[in-house]
Amino acid sequence: MPEGVEIEIYRRGAEAAVGRSIASVEAPDEWFLKGGLTPAEVTAAVTGRTVVAARARGKLLVLDLDDDTRVGLRFGMTGRLIVDDNASIDYLEYSSTRNDPAWDRFVLNFEDGGDLRLRDPRRLGGVSLDPDEDALGVDAFVIKPKQVRDRVAVGEVPLKARLLDQSRIAGVGNLIADETLWRAGLDPVRAAGSLTDDEVKKLVRHLRKVLADFLRDGGSHTGRLQPARVRGGLCPKDGTALLRREIGGRTTYSCAHHQR
DNA sequence: CTCGACTCCTGTTAGC
DNA sequence: TGCTAACAGGAGTCGA
């Protein structure tokens with residue numbers, strides 16, 4: 001599903017839109033527009049403008065336009081970005097393997113004839129104008145150990161829930177969180193503030209490696225834990241029956257043996 | 001401010 | 001074969 005890794009892949013795909021002018025907009029699904037935005041408003045705001053940058057912050061993809069308007073794209077759990085008929089990602093966990101244009105919720109048509117499409121079967125994504133980027137924490141790709149210690153590894157909230165809190169660290173979704181904690185040998189229900197300095201360092205080290213691995217391998221579904229994230233799954237490290245719990249409101253798989 | 005519970009969305013799949 | 005119900009999770013809202 002689209003987590004920070006997928007958003008970075010989308011961002012690279014969206015680089016193809018930089019320098020191009022927007023001729024028209026398709027916003028057929030008003031529900032998909034967030035913050036009270038209407039199709040008429042978004043059309044007026046972006047038509048005739050040129051894309052000058054594509055940026056990622058956590059799970060938010062931002063297109064900067066030449067008049068400082070910012071277009072915020074969110075992908076929910078099933079959204080994909082398609083630029084000029086090129087999808088940067090073909091497979092998304094929990095999404096459909098079909099490819100139906102009826103799921104195009106937002107389209108920018110460029111003056112040169114190409115287009116940028118946000119295709120989201122389950123409509124959990126959305127489009128906003130001038131999104132509040134400051135509400136997001138430091139992006140997981142660049143967060144430093146000290147920032148993790150100060151903003152993530154604090155309080156009595158379960159560690160897993162903390163990692164999913166986008167205001168503290170942006171871009172970690174359910175699969176990245178489970179894989180990171182599994183590799184780091186940390187129990188997802190541990191109080192976030194209970195980690196020692198060494199455990200914080202270990203957490204950051206594994207997070208960075210997980211992000212790099214997932215980026216290299218093409219998405220957040222490519223983890224070593226992933227095949228075992230099913231009912232009755234066994235830990236790929238030691239064969240122990242995995243625990244399946246709901247933590248932070250999300251299905252969480254972890255190993256009772258080596259995650260402490 | 002913090003935090004857990006709840007709600008939204010719909011394609012897919014398990015099970016009868 | 002056809003149907004129903006459960007399931008998936010990112011993000012916003014609400015109340016304690």
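Labels below follow one simple rule: chain letters A, B, ... track the order of the sequence lines, proteins then strands, and each chain is numbered from 1.
- The nearest whole Å value for the distance from the CZ atom in A:Arg123 to the P atom in C:dG12 is 17 Å.
- Listed by residue number, the members of residues 157-172 of chain A with any heavy atom below 4.0 angstrom from DNA chain B are A:Val157, A:Pro158, A:Arg162, A:Arg168.
- Taking a cutoff of 4.0 Å between a charged side-chain nitrogen and a carboxylate oxygen, A:Asp178 and A:Lys160 qualify as a salt bridge.
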Tabulate below the donor-acceptor pairs under 3.5 Å that side-chain atoms of residues 204-212 of chain A make, not counting sequence neighbours, or state none.
from     : atom 1 : to       : atom 2 : distance (Å)
A:Arg208 : NH2    : A:Ile143 : O      : 3.2
A:Lys209 : NZ     : A:Asp213 : OD1    : 3.0
A:Lys209 : NZ     : A:Asp213 : OD2    : 3.0

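- Looking at heavy atoms from C-beta onward, A:Pro39 lies in side-chain contact with A:Leu33 at the 4.5 angstrom threshold.
- Counting to the nearest Å, the P atom of C:dT13 and the CG atom of A:Asp132 are 12 Å from each other.
- For a distance-only test at 3.5 Å, the side chain of A:Arg122 qualifies as a donor-acceptor partner of the base of C:dA8.
- Nucleic acid contact for A:Thr78: none, since no nucleic acid atom lies under 4.0 Å from a heavy atom of the residue.
- For A:Pro121, whose side chain is taken as the heavy atoms from C-beta onward, the closest listed nucleotide among B:dG11, B:dC9, C:dG12 is B:dG11.
- Contact between the side-chain N/O atoms of A:Arg229 and the OP1/OP2 oxygens of C:dA8 is not found at any separation under 4.0 Å.
- At distances below 3.5 Å, not a single donor-acceptor pair connects side-chain atoms of A:Asp115 with backbone N or O atoms of A:Leu108.
- Distance A:Trp103 CH2 to B:dC9 P: 18 Å, rounded to the nearest Å.
- Salt bridge annotation for A:Asp66-A:Arg49: present, with a cationic side-chain nitrogen under 4.0 angstrom from a carboxylate oxygen.
- The distance from atom CD of A:Glu156 to atom P of B:dC3 is 9 Å, rounded to the nearest whole Å.
- In this structure, the CZ atom of A:Arg244 is 11 Å from the C1' atom of C:dA6, given to the nearest Å.
- Under 4.0 Å is where a charged nitrogen must lie from a carboxylate oxygen, and between A:Arg260 and A:Asp187 no such pair does.
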Chi angles and distances behind the side chain to side chain donor-acceptor pair (under 3.5 Å) call for A:Asp198, A:Thr196: CA-CA 5 Å; A:Asp198 282 348; A:Thr196 65; 5.4 Å; no
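- Atom pair A:Lys34:NZ and B:dT7:P shows a separation of 17 Å (rounding to whole Å applied).
- In this structure, A:Glu246 atom CD and C:dC7 atom P are separated by 10 Å, rounded to whole Å.
- At whole-Å resolution of the value, CG in A:Asn174 and P in C:dC7 are 15 Å apart.
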